[in-house]
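Below: one structure, written as C-alpha cells.
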Amino acid sequence: MSKSKKGSFNINTWLPVIIFVLVAVIFGIATKGNLFTSTNLMNLFNQSVPTIIAGLGMLFVAAMGSTDITCGVIVALVGCYGLMVSTNVSPILMIPVSLLIGLASGLLLGYINAKRKVSSFMASLAMLMAYRAVVNLVLSNTSFYLPDSLAFIDSLAFKIISVIVMIAIIVYIFHYTRFGVYVKDIGENEVAVQHTGVNVDMIKIAAFAVSGLMAAFAGIYMVARLGGTNNTIGTGFEMKVMMALFIAGVPVQGGVGSKVYKLILGAVIINMLENGLVLCGTSGAVTQLVRGLVLLAAVALTAYIGKRFANVGVEAARNQKETAEEASK
C-alpha cells in the first residue's frame, strides 16, 4: 500500500512548477519586487511569446530524441526575406512567405535526417551556418523595416489571442492525435514503432516541418517586436528555446515525458531567469554562466528522477507479477 501511495506522486510532473516557483521567489526577493511590476511583467510576456511559439514546434523534434537548432536562423530568414517581399512587393505577402520559408526549411531538414540518415544535430548545424551566411550577405549593406500595416502583430490583444489558439492546436495535435503519439513513441523505441508498420520516416519529416513552421511564426513576432531586422537577429535564439524545453523537465532522449505545459513553463522560467539577472545588474558573462549552470542542474535532475521512477515502475510491475502468481496458486 505504501508503495502505491509513493508512486501516485510523480515529482517529474511537478518539477517545472517547483522550478518556476523557486525562480520567481528568488528573483522576486533579489530584485526587491521589481520583477513583478506591471511594466516588467509585460516585458516578460513579450520576451516569452517567441520562445513559447518556437518551442511548441521544437517539442515534436525533441519528443523523438532528435535535435533542431535552426529556429534562430529561420527567424533571421523571416526577417530578411519576409520583410524584403513586404517592402518590394506587398505587405500582405510577408506572413505567407515567412511561413513557407520555415516549412521548407523543416521539410529539408527532416528529409536529410530521415531519408539520408544524417544526424539531426549535424544536419541542422550545417543548415544553420549556411543560412546565417546567406542572411549576412543579404543584410550586410541594407536594412528592412516592418510596414505600418503589419504593426498590429505586436499588439497585446493579437498576441494573446493568437498564442492561445496556437497552444490549443499544438496541445490537440501533440497529445490527442496519432501523429503526436507516434513522435513520442519514436523517442521511446523507434524500432518498435517501425515494427508496427508506421512510416517512421514520414513522421520524422512531418515533425521537423512543424518545428520549422513554428520557428517562422516566432520570427514574425520577433520582427514585429523589433520593427525591422538586421543580420544578428535570432542569434542564440535556438539555445534559448532548447533551454526552455530541458530546464522544465522535457527528457533529452524524448519519449512520453515530453509535455506541452513543461515547454510553456520552461519558456517563462528561462526568460524570468534572464530578466531577473538583468534587473540585479549582472553582466552578460555572469548571465551566461548562470544559464549554463541552471540548465546543467535541471537536465541532471530530470535524468536522475526519470531513472529513479523507472526503477520504481519496474519494481511495482515485479510485485504485481509475484502477487498474481501467488493468487493463481
Nearest-0.5 Å distance, [atom1] of residue [X] to [atom2] of residue [Y]:
| X | Y | atom1 | atom2 | result |
| --- | --- | --- | --- | --- |
| Met94 | Leu146 | CE | CG | 6.0 Å |
| Leu41 | Asn46 | CG | CG | 11.0 Å |
| Met58 | Ser66 | CE | OG | 12.0 Å |
| Ile53 | Cys71 | CD1 | SG | 12.0 Å |
| Leu93 | Thr87 | CG | OG1 | 11.5 Å |
| Leu59 | Lys184 | CG | NZ | 8.5 Å |

Check: [Y] main-chain N/O paired with [X] side-chain donor or acceptor under 3.5 Å:
| X | Y | answer |
| --- | --- | --- |
| Ser105 | Gly102 | no |
| Thr31 | Leu35 | yes |
| Asn88 | Met84 | yes |
| Asp185 | Val193 | no |

For residues [X] and [Y]: do they belong to one hydrophobic cluster (side chain heavy atoms under 4.5 Å, members Ile, Leu, Val, Met, Phe, Trp, Tyr)?
| X | Y | result |
| --- | --- | --- |
| Leu137 | Ile233 | no |
| Tyr172 | Val163 | yes |
| Val25 | Val278 | no |
| Val198 | Val256 | no |
| Met166 | Ile264 | yes |

Quiz prompt | Pairs flagged by salt bridge (Lys or Arg N to Asp or Glu O under 4.0 Å) wherever residues 262-273 is involved - sequence neighbours left out | solution = none
Does any part of the side chain of [Y], heavy atoms only, come nearer than 4.5 Å to the side chain of [X], both counted from C-beta?
| X | Y | result |
| --- | --- | --- |
| His175 | Ile170 | no |
| Ile153 | Ile95 | yes |
| Phe27 | Leu279 | no |
| Ile18 | Leu22 | yes |
| Thr287 | Leu277 | yes |
| Val165 | Ile169 | yes |
| Asn230 | Ser143 | no |
| Val268 | Phe20 | yes |

Quiz item: Where do Asn40 and Asn275 land on the side-chain hydrogen bond (donor to acceptor under 3.5 Å, both in side chains) test, with the steps shown first?
Solution: CA-CA 9 Å; Asn40 194 64; Asn275 186 274; 2.8 Å; yes
Quiz item: Leu108: what forms a side chain to side chain contact (heavy atoms under 4.5 Å, CB included) with it, not counting sequence neighbours?
Solution: Ile112, Met127, Tyr131
Quiz item: Taking only residues two or more places apart in sequence, or in another chain, which ones meet Phe121 in a side chain to side chain contact (heavy atoms under 4.5 Å, CB included)?
Solution: Thr67, Ile69, Ser119, Leu125
Work out which heavy atom in [X] is nearest to a heavy atom in [Y]; give both atom names and the distance.
| X | Y | answer |
| --- | --- | --- |
| Met243 | Ile270 | CE-CD1, 3.2 Å |
| Ile19 | Ile247 | CD1-O, 3.2 Å |
| Asn34 | Thr37 | O-OG1, 3.2 Å |
| Ser258 | Ala63 | OG-CA, 3.5 Å |
| Phe36 | Ala24 | CZ-O, 3.5 Å |
| Gly82 | Val97 | CA-CG1, 4.5 Å |

Quiz prompt | Working for side-chain contact (heavy atoms from CB on, under 4.5 Å), residues Leu44 and Ser48 | solution = CA-CA 6 Å; Leu44 184 60; Ser48 299; 4.2 Å; yes
Quiz prompt | Partner set under salt bridge (Lys or Arg N to Asp or Glu O under 4.0 Å) for Lys240, not counting sequence neighbours | solution = Glu274
Practice problem: Please name all residues satisfying salt bridge (Lys or Arg N to Asp or Glu O under 4.0 Å) with Arg225, sequence neighbours left out, ordered by chain then number. | Solution: Asp154
Exercise. Could you tell me whether Tyr261 atom OH has more than 12 heavy atoms of other residues or ligands within 6.0 Å of it?
Key: yes
Quiz item: Within a reach of under 6.0 Å around CG of Leu226, are more than 12 heavy atoms found that belong to other residues, nucleotides or ligands?
Solution: yes
Quiz item: Under the side-chain contact (heavy atoms from CB on, under 4.5 Å) criterion, do Leu156 and Phe45 qualify, and how do the steps go?
Solution: CA-CA 9 Å; Leu156 179 61; Phe45 171 76; 3.6 Å; yes
Run the side-chain donor-acceptor check on residues 200-222: report pairs under 3.5 Å with partners two or more places apart or on a different chain.
residue, atom, partner, partner atom, Å
Asp201, OD1, Lys117, NZ, 3.4
Lys204, NZ, Glu190, OE1, 3.3
Lys204, NZ, Glu190, OE2, 3.0
Ser211, OG, Asp68, OD2, 2.8
Tyr221, OH, Ser162, OG, 2.3

Exercise. Applying side-chain contact (heavy atoms from CB on, under 4.5 Å), run through Ser98 and Tyr81 and close with a yes or a no.
Key: CA-CA 7 Å; Ser98 298; Tyr81 290 101; over 6 Å; no
Quiz item: Mind checking whether Phe179 and Phe60 have parallel, tilted or perpendicular rings, split at 30° and 60°?
Solution: parallel
Practice problem: Please report the C-alpha distance between Thr235 and Arg132 in whole Å, then the side-chain angles of each, then the deciding distance to 0.1 Å, and finally whether the side-chain contact (heavy atoms from CB on, under 4.5 Å) criterion is met. | Solution: CA-CA 9 Å; Thr235 302; Arg132 183 60 69 178; 3.7 Å; yes
Quiz item: Is it true that the NZ or CZ of Lys159 lies under 6.0 Å from the centre of Phe152's six-membered ring and within 45 degrees of the ring axis?
Solution: no
